[in-house]
Amino acid sequence: MFRVRVRDRLSMKKKVIKYVEKAVAAVAAARGFADVELSEIGIELPREKAFGDFSSNIAMQLAGRWKDNPRKIGAALKDELDKETDLAEVTIAGPGFINMRLTFPCWHQRLQEIIESGADFAQLDYGQGRRVLVEFVSANPTGPLHIGHGRGAAVGDVLARLLTWAGFSVDREYYVNDAGNQMMVLGRSLRWRYLELQGQRQGEIPEGYYQGGYLLDLAKELLADQGAELTAANVDEEDDAGLEFFTKFAADAILAGIRDDLDLFGVGFEHWTSEKKFFTSGLVDDALADLKKKEVLYEEEGATWFASSRFGDEKDRVVVRANGVKTYFASDIAYHREKYERGYDLLIDVWGADHHGYVPRLKAAIEALGHEPESFAAILVQLVSLSRGGTPVAMSTRAGQFITLEEVVREVGKDAARYFFLTRRSDSQLDFDLELAKSKNNDNPVYYAQYAHARICSIFRRAEEEGVKPNCDRASFAASLTLPEELDLIKKLDNFTALLESAARTLELHRITYYLDELAAQLHSYYNRNKVITEDLQVSGDRLLLVGAIRQVIKICLTLLGVSAPEKM
RNA sequence: GGGCAAUUAGCUCAGUUGGAUAGAGUGUUGGCCUCCGAAGCCAAAGGCCGCAGGUUCGAAUCCUGCAUUGCCCGCCA
């Protein structure tokens with residue numbers, strides 16, 4: 001495998017931090033202060049453009065420590081900063097903010113770096129090659145994926161894309177919950193449908209069984225394929241000896257359907273891991289033995305408990321029931337233990353938000369096993385409520401009345417569905433309106449960004465017709481880009497690395513869609529105000545550089561989101 | 001009863017480590033195509049950042065209490 005080279009050099013912010021650090025060190029030395037905690041230096045993008053490109057509150061921070069007036073300290077720092085040739089202007093404002101403005105050539109050079117980085121721009125070495133396992137969807141193979149699973153799928157997949165981009169080595173994993181009671185119920189439900197088809201059962205399917213119509217379809221399939229081969233033992237409802245056949249048939253078929261749906265949604269997995277494997281291979285026993293060795297298990301009332309409360313959980317949890325059956329939690333401990341053994345440095349689980357109470361106990365287990373609690377993160381994904389043109393659509397998994405992911409993707413398209421799921425932070429509730437997501441010509445947010453991309457492509461097609469080319473001359477590169485909105489656009493592009501780093505650090509994906517939306521808005525606004533292709537060759541050539549760089553970043557964003565970047569719409 | 005989270009414009013939501021005059025979309029009202037794509041742009045109106053205290057140069061952001069809402073609290077998975 002080739003190693004991805006980090007092509008982005010310094011973002012402007014990091015450059016400015018260096019200047020400020022240097023100035024602080026100089027002033028500190030002059031005042032006889034030895035060490036200053038330089039990590040505390042904060043550089044911000046001011047809200048008001050008039051304040052400059054960057055601003056620092058360091059003078060106010062130092063004021064307390066040095067027992068001096070912040071504006072005085074600011075003035076001393078300004079004297080140092082004025083020596084930097086990249087800084088066009090340094091001013092002290094308000095209570096002691098230091099506002100800095102960079103020179104035009106400085107920004108033009110930054111644009112050049114961005115363009116030269118090409119499709120790799122803003123790739124980070126934040127992850128430093130550490131191995132991450134993102135586990136998501138992991139829906140029980142008892143029915144088709146619904147829209148809630150779709151959100152989890154989008155979040156997990158984009159998380160994996162983002163972390164890969166940020167320098168981690170990432171694998172995606174689907175944990176197949178193919179052990180336990182619900183699989184028995186699945187088998188019984190299919191068996192009942194099968195018998196119904198043969199006229200041996202009438203009326204409503206019993207309470208507690210899976211009611212969805214997909215089981216009836218499966219039963220038909222089963223009857224057509226191999227119905228004749230089923231023995232009396234297979235269909236004996238008194239004795240579950242033959243149940244395994246139905247369970248396996250249903251689970252395999254449903255899992256295959258799930259794979260197809262995810263494929264349609266643009267989501268693939270490196271690993272599909274079976275829960276059953278953990279019981280049959282003795283991995284659960286190994287994990288429990290490990291915990292026992294660490295002296296965090298005890299017996300009480302016939303059951304075996306894990307002392308999770310010692311690690312911050314609110315109470316201890318049962319791992320082996322009094323009847324000798326190991327709990328789901330026990331297999332989950334074994335599962336996560338095995339993930340670490342496979343060599344992953346960081347585990348990320350994407351769960352439904354109703355599982356939030358489960359986080360402390362799993363974290364406790366991870367800590368008890370000797371791993372850093374920070375090496376595990378659970379991303380909680382809130383429910384999706386579905387509506388159509390403003391009126392809610394009722395959903396009930398048990399009653400089998402729900403809109404499947406497949407239906408949604410076929411109706412609104414992969415791009416719109418994915419984008420919609422990522423416009424809000426994952427732990428806040430989301431209303432998904434089918435009509436809105438489907439609308440192709442007005443209110444749909446996904447088209448806003450795609451349109452910006454297509455629009456730039458259109459400009460380039462036009463430029464080619466007119467024989468105008470981007471300005472590649474190093475001496476005059478981008479030199480005519482001096483409008484405030486042009487500099488704002490370069491700043492926005494410059495800030496992309498910081499944006500991705502914060503998204504990767506916090507695991508918050510909505511930051512990408514917000515950034516993309518803002519960048520597209522700036523582009524549209526610029527386009528409406530200024531013509532890219534003009535009589536002036538230098539201006540046209542420079543503006544093509546700028547919009548070309550914007551197209552590049554929009555495409556990176558869309559790719560990270562798994563959304564297409566069309567050249568025409 | 002205990003725990004976790006949330007509360008920002010009519011509605012849906014952003015708001016990096018505490019920073020300067022609080023942001024977007026949508027909705028409402030009014031403008032912009034003889035001009036590179038109007039799936040776009042511009043402007044106006046709209047706020048006790050749930051309430052009350054505290055911390056400090058400075059709070060939507062941190063702390064405490066209260067109110068309201070959602071979720072979780074099984075030897076289920």
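Keep in mind the model is a prediction, meaning the values are calculated, not measured. A note on names: the letters A, B, ... follow the listed sequences, proteins ahead of strands, and every chain is numbered from 1.
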Taking the inter-plane angle between the rings of A/Tyr358 and A/Tyr328 on a 0 to 90° scale, is it parallel (under 30°), tilted (30 to 60°) or perpendicular (over 60°)?
tilted

Taking a pair as Watson-Crick (N1 to N3 plus N6-O4 or O6-N4) or G-U wobble (N1-O2 and O6-N3), both under 3.5 Å, which stems of 3 or more consecutive pairs involve RNA chain B?
B:1-7 with B:67-73, B:10-13 with B:23-26, B:28-32 with B:40-44, B:50-54 with B:62-66

Can a side chain N or O of [X] be found less than 4.0 Å away from OP1 or OP2 on [N]?
X	N	result
A/Ser525	B/C42	yes
A/His510	B/G15	yes
A/Arg47	B/U16	no
A/Tyr448	B/C41	yes
A/Arg543	B/C36	no
A/Thr423	B/A24	no
A/Ser458	B/G37	yes

Figure out the [atom1]/[atom2] separation between [X] and [N], and round it to whole Å.
X	N	atom1	atom2	answer
A/Glu508	B/G15	CD	P	6 Å
A/Ile58	B/G18	CD1	P	14 Å
A/Leu523	B/G37	CG	P	13 Å
A/Ile554	B/G40	CD1	C1'	13 Å
A/Ile92	B/A20	CD1	P	17 Å
A/Arg511	B/A14	CZ	C1'	10 Å
A/Trp351	B/A5	CH2	C1'	16 Å
A/Asn495	B/G15	CG	C1'	14 Å

For RNA chain B, the residues among residues 356-368 of chain A that have a non-hydrogen atom under 4.0 Å from it
A/His356, A/Tyr358

With the side chain of [X] defined as its heavy atoms from C-beta on, choose the nearest nucleotide among [options].
X	options	result
A/His524	B/A14, B/G40, B/U16	B/G40
A/His355	B/U16, B/A38, B/A77	B/A77
A/Tyr328	B/A77, B/G19, B/U12	B/A77
A/Asn140	B/G37, B/A77, B/G19	B/A77
A/Lys568	B/C76, B/G19, B/G37	B/G37
A/Trp305	B/G40, B/C75, B/U16	B/C75
A/Glu275	B/A38, B/G3, B/A77	B/A77
A/Met60	B/A38, B/G3, B/C57	B/C57

Which one of A/Asp542, A/Thr534, A/Asp536 satisfies the side chain to side chain donor-acceptor pair (under 3.5 Å) criterion with A/Gln538?
A/Asp542

Which of A/Glu508, A/Gln382, A/His510 passes side chain to side chain donor-acceptor pair (under 3.5 Å) with A/Arg425? Answer is A/Glu508

So, does A/Glu411 use its side chain to make a donor-acceptor pair with the main chain of A/Ala437 at under 3.5 Å?
no

Any base atoms under 4.0 Å from [X], or only sugar-phosphate, or nothing? Heavy atoms, all strands.
X	value
A/Ala454	base
A/Glu44	base
A/Glu301	base
A/Asn177	nothing
A/Arg425	sugar-phosphate
A/Lys315	sugar-phosphate

Base of B/A20 paired with side chain of A/Ser55 (donor-acceptor, under 3.5 Å):
yes

Any N/O donor-acceptor pair, A/Asn99 side-chain to B/A20 base, under 3.5 Å:
yes

A/Lys326 with A/Asp285: basic N within carboxylate O range, under 4.0 Å:
yes

Check the geometry between A/Phe97 and B/A20 and answer yes if their rings are stacked (centres below 5.5 Å, planes below 30°), otherwise no.
yes

Could you say whether the aromatic ring of A/Tyr451 and the base of B/G37 stack, counting only centre distances under 5.5 Å and plane angles under 30°?
no

Taking atom [atom1] in both [N] and [M], what distance in whole Å separates the two?
N	M	atom1	result
B/A45	B/G30	C1'	11 Å
B/U29	B/U8	P	26 Å
B/U7	B/A44	P	29 Å
B/G19	B/U61	C1'	11 Å
B/C11	B/U28	P	15 Å
B/C41	B/G3	P	48 Å

Kindly say whether the aromatic ring centers of A/Tyr335 and A/Tyr175 come within a distance under 6.0 Å.
yes

Would the A/Phe136 and A/Tyr174 ring centres measure less than 6.0 Å apart?
no

If each of A/Tyr514 and A/Ala93 is mapped to the nucleotide of RNA chain B with the nearest heavy atom, which maps nearer the 5' terminus, i.e. the 5' end?
A/Tyr514

Contacts of A/Ile533 and A/Asn323 projected onto RNA chain B by closest heavy atom; the upstream (5') one is A/Ile533

Lys NZ or Arg CZ of A/Arg188 over A/Tyr209 ring: under 6.0 Å, within 45°:
no

Cation-pi check for A/Phe460 against A/Arg551: NZ or CZ below 6.0 Å from the six-membered ring centre and within 45 degrees of the axis, yes or no?
yes

Residue pair [X] / [Y], side-chain heavy-atom distance below 4.5 Å:
X	Y	value
A/Phe97	A/Ile92	no
A/Gln450	A/Val563	yes
A/Trp351	A/Ile379	no

Using the side chain to side chain contact (heavy atoms under 4.5 Å, CB included) definition, which of the options A/Leu560, A/Leu561, A/Leu159 pairs with A/Leu509?
A/Leu159

Going by atom types alone, do A/Ser502 and A/Arg511 pair a side-chain donor with an acceptor below 3.5 Å?
yes

Glycosidic torsion of B/C33 (syn if within 90° of 0, anti otherwise) classifies it as syn

